[in-house]
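Notes follow once the structure below has been shown.
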Amino acid sequence: MKCRRCTAKATVQLRSHNAAFCRGCFLFFFQRNVERSIEREHMFTRDERVLVAVSGGKDSLALWDTLIELGYQTEGLYLGLGIGAYSSASQAKTERFATDHGVALHVVPLEDEADGLAIPEVAAATRRQPCAACGTFKRHYFDRAARDGGFDVLATGHNLDDEAARLLGNVLHWQLPYLAKQQPVLLPTHPRFVRKVRPLFRTSEYESATYAFLRGIDYVVEECPNAHGATQLVYKDLLNRLEHTMPGSKLAFVTDFLRRAHPLFNAAPDAGLGECERCGMPSAGELCGYCRLVAEVERRRHATAAHS
Ligand code: Q46
Ligand code: ZN
């Protein structure tokens with residue numbers, strides 16, 4: 001098998017693109033694809049400051065590495081979820097990456113926020129699924145860090161597999177408002193929000209894992225322990241089986257949706273977004289979802305303390 005670009009011996013085969021590449025040409029192909037997504041979707045320019053949300057996994061570190069290589073102005077944000085050994089390992093690997101690349105990293109440990117907001121404790125106190133609390137916290141801290149740091153845009157490492165699984169879930173349940181919002185670029189709906197972008201939306205999990213491996217990026221391989229049993233994984237498994245039989249299906253599913261179907265869904269305007277009385281971030285009610293959750297944790301902790 002020969003490299004499509006230079007005809008040297010190929011080491012990476014991409015069935016979805018009906019192509020194979022040598023190491024150097026694959027890295028070029030990966031970076032060029034990300035750059036094209038950024039430019040075609042008008043995600044950001046080299047004059048803008050980009051905050052990259054990094055988890056220590058292959059996707060977000062491959063994204064950060066690529067943006068640095070392409071000459072974009074980036075800083076990283078790591079949210080410490082307080083999920084035992086998984087969080088310790090992912091923080092260590094993210095910090096090592098930032099040090100090795102000489103780039104700024106902002107670390108926000110949830111256990112140090114309020115009276116302690118580590119995900120397992122919050123989930124137990126409020127009897128919620130850990131991922132529900134985690135999603136609320138991620139949205140809030142990502143938005144707030146982007147605003148406080150004066151960044152123009154927030155980038156996350158969601159890849160093609162994430163986008164395809166999300167799309168399948170939204171289609172199976174005909175979630176029209178979610179379908180309307182499923183785009184690689186989300187423009188701010190309030191002056192305190194920044195633009196949110198997903199530069200890897202056309203890049204598969206296999207490609208980002210291969211990129212991270214070939215670039216020698218030391219990423220956390222283990223999944224978050226709460227990911228097991230998630231519905232998203234069922235969708236990903238289904239899509240992988242489809243991809244195995246029909247290479248390129250995931251890419252066509254997502255890109256054809258964006259090109260042909262997405263314009264048919266009208267997003268309901270986020271009318272009347274005010275500001276949260278407690279934290280000042282945009283909110284539809286008196287308190288934002290984050291502050292409502294924190295208030296509930298406080299109430300339950302006080303109630304428990306009063307009864308003990
Ligand atoms: S980190 Fe958070 Fe995920 Fe872990 S607790 Fe769930 S949402 S699974 S991407
Ligand atoms: Zn709030």
Side-chain angles (χ1 to χ4, degrees), residues 52-63 77-91 93-94 107-111 113-115 117-148 154-166 169 189-193 196 198 200 205 208 219-237 270 273-299:
V52 187
V54 274
S55 66
K58 59 188 181 323
D59 302 302
S60 53
L61 290 182
L63 170 63
L77 169 66
Y78 174 83
L79 186 63
L81 305 174
I83 305 177
Y86 164 73
S87 286
S88 323
S90 55
Q91 181 171 342
K93 290 186 192 291
T94 306
V107 176
V108 181
L110 282 179
E111 53 261 53
E113 294 292 301
D115 288 335
L117 295 178
I119 296 297
E121 282 76 47
V122 169
T126 59
R127 297 186 195 111
R128 270 189 176 73
Q129 290 296 323
C131 296
C134 188
T136 301
F137 285 174
K138 278 183 185 168
R139 272 191 297 280
H140 175 81
Y141 283 99
F142 290 176
D143 285 332
R144 203 165 82 182
R147 185 204 68 172
D148 291 351
L154 171 76
T156 55
H158 294 96
N159 59 35
L160 173 65
D161 296 61
D162 299 321
E163 292 301 305
R166 185 158 75 116
T189 51
H190 186 282
R192 291 190 183 181
F193 280 148
K196 290 179 195 163
R198 300 178 169 204
L200 299 186
E205 200 169 297
S208 62
Y219 61 88
V220 66
V221 177
E222 300 78 37
E223 292 263 10
C224 169
N226 298 317
H228 298 296
T231 321
Q232 277 261 328
L233 293 187
V234 179
Y235 296 152
K236 281 189 177 178
D237 183 49
D270 280 327
L273 267 192
E275 277 138 36
C276 171
E277 284 180 0
R278 198 163 140 158
C279 73
M281 288 301 285
S283 169
E286 287 176 6
L287 292 183
C288 69
Y290 165 80
C291 288
R292 282 202 307 274
L293 182 54
V294 174
E296 187 182 335
V297 173
E298 289 167 351
R299 259 198 322 276

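Each ligand, and each atom within it, is numbered from 1 in the order the structure gives. All heavy atoms count here, side chains included; hydrogens, waters and symmetry mates do not.
Around atom 6 (Fe) of ligand 1, the protein N, O or S atoms found under 2.8 Å comprise C131 SG.
The closest approach between E223 and ligand 1 stays at or above 4.0 Å for every heavy atom of the residue.
Distances below 4.0 Å separate heavy atoms of L81 from the following atoms of ligand 1: 1 (S).
Remark: minimum distance from atom 9 (S) of ligand 1 to any protein heavy atom is reached at K138 NZ, 3.5 Å.
For the pair K138 and Y141, the cation-pi test (distance below 6.0 Å, angle within 45°) is failed.
Ring pair H140/Y290 is parallel by interplanar angle, where below 30° counts as parallel and above 60° as perpendicular.
Nearest approach of R292 to L287, heavy atoms of both residues: NH1-O, 3.0 Å.
Within the structure, no pair that satisfies the salt bridge (charged side-chain N to carboxylate O under 4.0 Å, His left out) test touches residues 220-234, not counting sequence neighbours.
A salt bridge is absent between R128 and E121: the closest approach of a Lys/Arg side-chain nitrogen to an acidic carboxylate oxygen does not fall below 4.0 angstrom.
Taking CD of E111 as the reference point, atom OG of S87 lies at 7.5 Å (rounded to 0.5 Å).
Each of R192, K196, H190 was scored for a side chain to side chain donor-acceptor pair (under 3.5 Å) with D143, with one residue passing: K196.
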